[in-house]
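Written below as structure tokens is the structure these notes are about.
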Amino acid sequence: MAGPTEHPVEDVVAGGVEGWFARSTHHWDDWTLADLVAAKGSQRVSLVVPARNEAGTVGDVVSRVRAALVETVALVDEVVVIDSDSTDATYAVASDAGAVVHRSAEVRPDLGSHPGKGEAMWKSLFVTTGDVLVFMDADLLDWDTHFVPGLLGPLLTRPEVALVKGFYERPGAEGPYDGGRVTELVARPLIALEHPELAGLVQPLAGEWAVRRSLFEALPVPTGYAVELAALVDTAGLLGLDAIAQVDLGRRDHAHQALLDLGAMATQILAAMASRRDGAGASGAPGGSVALRQYRPGPAGIAPADRVVLVAERPPARSVA
Ligand SMILES: O=c1ccn([C@@H]2O[C@H](COP(=O)(O)OP(=O)(O)O[C@H]3O[C@H](CO)[C@@H](O)[C@H](O)[C@H]3O)[C@@H](O)[C@H]2O)c(=O)[nH]1
Ligand SMILES: O=C(O)[C@H](O)COP(=O)(O)O
């Protein structure tokens, strides 16, 4: 039986997406390291790794990138871990591996502190020196250092590109290009409904992406997990779709969150898109939260489990004194 979405895709997705995909989709080995070091010139590159309780994996991420891209070739100028309120040994492990480590809450304490990945990324703008920032998750299990030069390729060689998104094969229950549960059930449907121009992005939620500082500091930044989709939507709105490119990075696997935790991530993404749709709060004051009621087994049967999901956004960093 045909499913409800099985119409010819050309009837549904604007033709512009196909053109963008053809123009703006690259492969990580389209450039050699020598090409990229030459194209980099005097620009500075910062690798930023937001990390919350990633003591088991962050050391490997830092030490491998440093060995391949800082010590062997001069492509990355600094490896900065933003410790996002970790309660484990993330700070010490990352520092021992050679990263410059900052606790998110201690960066610009005058601006206050919020929990969340987006907050850590926003705070990175105040402690990094790169003209280009490359973000990478700290919980990577199956990955390689070519992710970083791959993400830099379009930024260093195409002046019109301001944001580069990674994509990869990722082992999933539904096949290698299963985007992940929130990607398939929240992000892609939202893109279909509200931002069909972004439908060419293979992994819109990927944590591996690169951006020019001049762009990232002009964007409002959700403090939680909506930072990725918001950056895509806001970049396309500000600079147009051709400011975005994507790169096939090969294969990647990461640690998986529990379904109910992904419910909180989905809530943050839906809130950020609602604020953009309704024109309220895209650069709004911090402090917003939503009560998410979920259910778990309790001693007397099913029991509600309420969690407070933070949906605050930071204003563009360049608007902050
Ligand atoms: O409060 C937090 C939560 C997470 N992280 C770090 O952010 C990275 C990604 O977090 P994770 O919980 O592994 O995210 P995923 O479930 O894998 O979510 C995917 O989808 C999210 C929504 O787009 C992206 O933010 C992620 O990078 C992407 O991997 C990791 O290094 C975390 O340690 C923080 O720094 N602070
Ligand atoms: O990208 C996503 O959708 C989320 O990170 C969840 O991914 P997972 O289903 O592979 O855990």
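Atoms within a ligand are numbered from 1 in the order they appear, just like the ligands themselves.
- With respect to D261 and R307, a salt bridge is recorded, a charged nitrogen being found less than 4.0 Å from a carboxylate O.
- Annotation: W209 is in aromatic contact with F216 [ring centroid separation under 6.0 Å].
- In terms of protein heavy-atom proximity, atom 5 (O) of ligand 2 is closest to H254 CE1, 3.8 Å.
- By the 4.0 Å N-to-carboxylate-O rule, D131 lies too far from R44 to be salt-bridged with it.
- Only the side chain of R170 comes within 4.0 Å of ligand 2, counting heavy atoms alone; its backbone N, CA, C and O stay farther away.
- Polar contact check, A120 against ligand 1: no nitrogen or oxygen pair lies under 3.5 Å apart.
- Ion pairing between E228 and K165 fails under the 4.0 Å rule for side-chain N and carboxylate O.
- Closest to atom 6 (C) of ligand 2, if we only count protein heavy atoms, is R181 N, 3.7 Å.
- Among all non-hydrogen protein atoms, the one lying nearest atom 2 (C) of ligand 2 is T183 OG1, 3.3 Å.
- Residue contact annotation: G116 has a non-hydrogen atom under 4.0 Å from ligand 1.
- For residues 67-80, the set of pairs meeting the side chain to side chain donor-acceptor pair (under 3.5 Å) definition, not counting sequence neighbours, comprises K40-D77, S46-E78, R66-E71, E78-T129.
- Considering both main-chain and side-chain atoms, A138 comes within under 3.5 Å of ligand 1 through a nitrogen or oxygen pair.
- Nearest protein neighbour of atom 8 (P) of ligand 2, counting heavy atoms only, is H256 ND1, 3.4 Å.
- Taking the side chain as every heavy atom from C-beta outward, P204 and L232 approach each other to under 4.5 Å.
- The ligand atoms of ligand 1 that sit less than 4.0 angstrom from a heavy atom of S84 are 1 (O), 2 (C), 34 (C), 35 (O), 36 (N).
- The shell of residues lying under 4.0 angstrom from ligand 1, judged by heavy atoms, excludes H114.
- The distance criterion of under 3.5 Å between nitrogen or oxygen atoms is not met by M265 with respect to ligand 1.
- Counting heavy atoms closer than 4.0 Å to ligand 1, residue R52 contributes atoms from both its backbone and its side chain.
- In terms of hydrophobic clustering, with Ile, Leu, Val, Met, Phe, Trp and Tyr side chains grouped at heavy-atom distances under 4.5 Å, V311 and L262 are assigned to different clusters.
- Contact atoms of ligand 1 toward A51: 33 (O), 35 (O) (distance under 4.0 Å to a heavy atom of the residue).
- The nearest non-hydrogen atom to atom 25 (O) of ligand 1, considering only R252, E228, E119, comes from E228.
- Under 4.0 angstrom from ligand 1, the non-hydrogen atoms of E54 all belong to its side chain.
- Salt-bridge formation is detected for the pair R64/D144: a Lys NZ or Arg NE/NH1/NH2 atom is positioned less than 4.0 Å from an Asp or Glu carboxylate oxygen.
- Residues R52 and S104 have side chains not in contact (no heavy-atom distance under 4.5 Å, counting atoms from C-beta outward).
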